[in-house]
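First up is the structure itself, then whatever we jot down about it.
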Amino acid sequence: MHSKTIAELGAAMQAGEFSSVELTRHFIERIERLNGDLNALITPTPDQALAEAEAADRVIRSGQAGPLTGIPLVQKDIFCTQGVKTSCGSRMLDSFISPYDATVVERLKQAGTVSLGKANMDEFAMGSSNETSYYGPVRNPWDQNRVPGGSSGGSAAAVAARIAVAGTGTDTGGSIRQPAALCGITGLKPTYGRVSRFGMIAFASSLDQAGPMTRSAEDAAMLLQAMAGFDSRDSTCADQPVPDYSATLNDSLRGLKIGLPREYFDAGLDSAVAASIDGAIGLYKQLGAEVVDISLPNTALAVPTYYVVAPAECSSNLSRFDGVRFGYRCEDPKDLEDLYKRSRGEGFGAEVKRRILIGTYALSAGYYDAYYLKAQKTRHLISDDFKRAFETVDVIMGPTTPTTAFALGEKTDDPVTMYLNDIYTIAANLAGLPGISIPVQPVNGLPVGLQIIGNYFTEGKLLNVAHRLQAETDWHLQTAEGFA
Ligand code: GLN
């Protein structure tokens with residue numbers, strides 16, 4: 001059961017082959033057996049899952065089922081879930097029970113999905129390896145000595161290990177696409193504003209975007225369909241109609257113009273990963289696509305720009321966690337200052353503190369122009385690179401990450417090396433563009449992700465381009481040993 005796609009599971013449940021309760025029990029049993037080693041879930045919610053599955057079965061019996069009715073998934077622990085702990089991977093929110101559901105959670109519930117629990121993540125979504133979580137690192141199902149990527153590493157590992165059919169993620173600088181690549185699954189970061197951020201704990205508000213993490217592009221289309229759309233509770237949410245993402249999956253790719261930015265195939269790219277990406281691009285040529293060399297000349301500015309903008313916004317967003325208004329409170333504070341200092345000192349981990357310090361510095365009077373304002377300007381240059389590129393190409397392709405999954409602990413002492421893991425994903429966030437990562441030919445038994453970036457609101461095109469490759473290949477169906 002756990003190796004089937006959303007479409008297959010939906011059809012089987014509607015044909016009465018098994019019920020959502022049976023399917024959910026199967027996944028609960030897998031979580032009990034496999035999650036201990038992986039640590040992909042912070043809070044499993046089996047009782048809630050079974051209650052939701054029973055409700056889904058009633059809907060199925062009444063003939064009212066939609067494509068997601070009764071499908072078990074996991075929610076990244078950044079999404080507020082009513083009555084269930086919402087930790088954001090931090091000690092700061094270890095005892096926070098949300099009084100309401102995030103819009104993403106609410107919409108997926110309305111679509112009839114079953115939540116198996118809350119997925120592990122880097123603390124406040126800051127990280128590329130899931131090692132900054134207060135709840136400990138997640139292990140990569142393909143090699144448990146390696147990281148799953150981050151910050152949505154719990155969701156990625158859960159889907160890869162088939163302990164959930166799908167998961168939700170958020171992507172501020174690559175946190176859906178990078179763990180999807182390292183775990184061999186499909187992950188889509190939509191256009192900024194395509195999916196509501198209401199109830200999604202804010203990291204860097206001008207970059208954060210939620211999206212689906214699934215086995216296939218076909219599954220991602222179904223999940224995005226339920227997640228996307230206007231929400232008056234998020235003022236940056238786009239008031240644009242949501243197209244039927246499943247309807248265009250099989251569109252022909254004849255004449256599709258693929259841009260290959262030379263900066264994405266630089267010396268920092270592992271040669272075996274490059275070969276795997278080249279192989280996938282060769283298949284696109286066979287499908288009728290045309291390949292064009294392009295340049296995104298300001299690519300080298302993306303990481304430094306991001307590491308001013310994101311910390312600046314996080315320092316502001318995280319100021320509310322002070323032990324008074326929100327979050328962990330220290331024991332026996334001497335006075336108010338001691339309360340603030342120790343609550344934040346004890347509640348936040350090292351990476352979060354580093355970001356708050358950098359961001360506060362960049363925003364301070366006297367430095368604002370030199371750092372934050374400058375970063376906003378270079379951000380503009382990066383967006384303009386893409387604007388020019390999309391005048392001549394339909395999509396941009398390249399690797400999602402420079403290497404396959406690295407070893408646990410390998411980069412924890414060197415933040416800059418860790419930050420460079422997102423070198424190919426960050427620019428899309430700075431420009432607000434959609435991007436998808438799909439598995440291609442593995443290297444030494446480890447997954448490799450092909451990244452496809454599109455123009456604004458072209459999620460349908462990205463899913464179509466991803467699906468056509470998946471229809472010809474089986475990389476997205478491969479499962480790590482021990483989890484098949
Ligand atoms: N790895 C990047 C960071 O640490 C991106 C994180 C994300 O997309 N949430 O900030």
Side-chain angles (χ1 to χ4, degrees), residues 76-79 88-90 104 119-133 137-138 147-156 167-183 187-190 192 195 197 200-213 302-315 317-318 348-359 362 375 379 400-403 405-406 410-412 414-437 449 451 453:
K76 184 177 182 180
D77 211 15
I78 199 168
F79 293 101
C88 216
S90 182
V104 161
N120 204 344
M121 56 180 284
D122 278 302
E123 185 176 12
F124 284 99
M126 299 173 197
S128 307
S129 65
N130 227 291
E131 292 166 296
T132 72
S133 171
V138 175
V147 303
S151 64
S152 311
S155 299
T168 53
T170 62
D171 191 314
T172 304
S175 281
I176 289 176
R177 290 161 288 158
Q178 187 256 14
L182 302 193
C183 287
L188 171 67
K189 173 209 133 25
Y192 181 77
V195 174
R197 291 185 297 110
M200 188 175 114
I201 295 170
F203 163 11
S205 311
S206 75
L207 301 163
D208 298 342
Q209 185 58 202
M213 303 182 74
V303 170
T305 301
Y306 174 88
Y307 278 98
V308 174
V309 174
E313 294 184 13
C314 101
S315 72
N317 276 325
L318 270 54
F348 288 134
E351 183 61 26
V352 172
K353 286 180 194 163
R354 175 160 33 236
R355 307 274 180 119
I356 292 173
L357 287 172
I358 296 170
R379 182 174 184 175
T400 308
T401 58
T403 63
F406 46 93
E410 189 181 319
K411 297 184 200 267
T412 36
D414 185 355
V416 175
T417 313
M418 184 73 92
Y419 296 169
L420 286 172
N421 214 260
D422 296 322
I423 192 153
Y424 305 130
T425 50
I426 274 179
N429 299 80
L430 290 166
L433 294 166
I436 190 169
S437 179
Q451 178 176 217
I453 300 173

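The first residue in the sequence is number 1, and the count goes up from there. Just so you know, ligand 1 is whichever comes first in the structure, and atom 1 is the first atom listed for that ligand. All values below were derived from every heavy atom in this structure, side-chain atoms included, with hydrogens, water molecules and symmetry-related copies excluded.
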**Message:** I'd like the residue list for ligand 1, meaning every protein residue with a non-hydrogen atom under 4.0 Å from the ligand.
**Reply:** A125, M126, G127, S128, S151, D171, T172, G173, G174, S175, F203, Y306, Y307, R355, D422
**Fill in**
Minimal heavy-atom distance between F348 and K353, with the atoms involved, is O-CE, 3.1 Å
**Asked** Is there a donor-acceptor contact under 3.5 Å from the side chain of Q178 to the main chain of S128?
**Response** yes
**Message:** Run the side chain to side chain donor-acceptor pair (under 3.5 Å) test on R177 and N429 for me, step by step, so that the C-alpha distance in whole Å, both residues' side-chain angles and the decisive distance to 0.1 Å come before the verdict.
**Reply:** CA-CA 11 Å; R177 290 161 288 158; N429 299 80; 2.6 Å; yes
**Message:** Main chain of G349, side chain of E123: is a donor-acceptor contact present, judged purely on distance under 3.5 Å?
**Reply:** yes
**Message:** Looking at K76, is its backbone amide N or carbonyl O close enough to the side chain of T168 to form a donor-acceptor pair, meaning the two atoms are under 3.5 Å apart?
**Reply:** yes
**Criterion side chain to side chain donor-acceptor pair (under 3.5 Å) on N317 and S205, from CA distance to verdict** = CA-CA 8 Å; N317 276 325; S205 311; 3.0 Å; yes
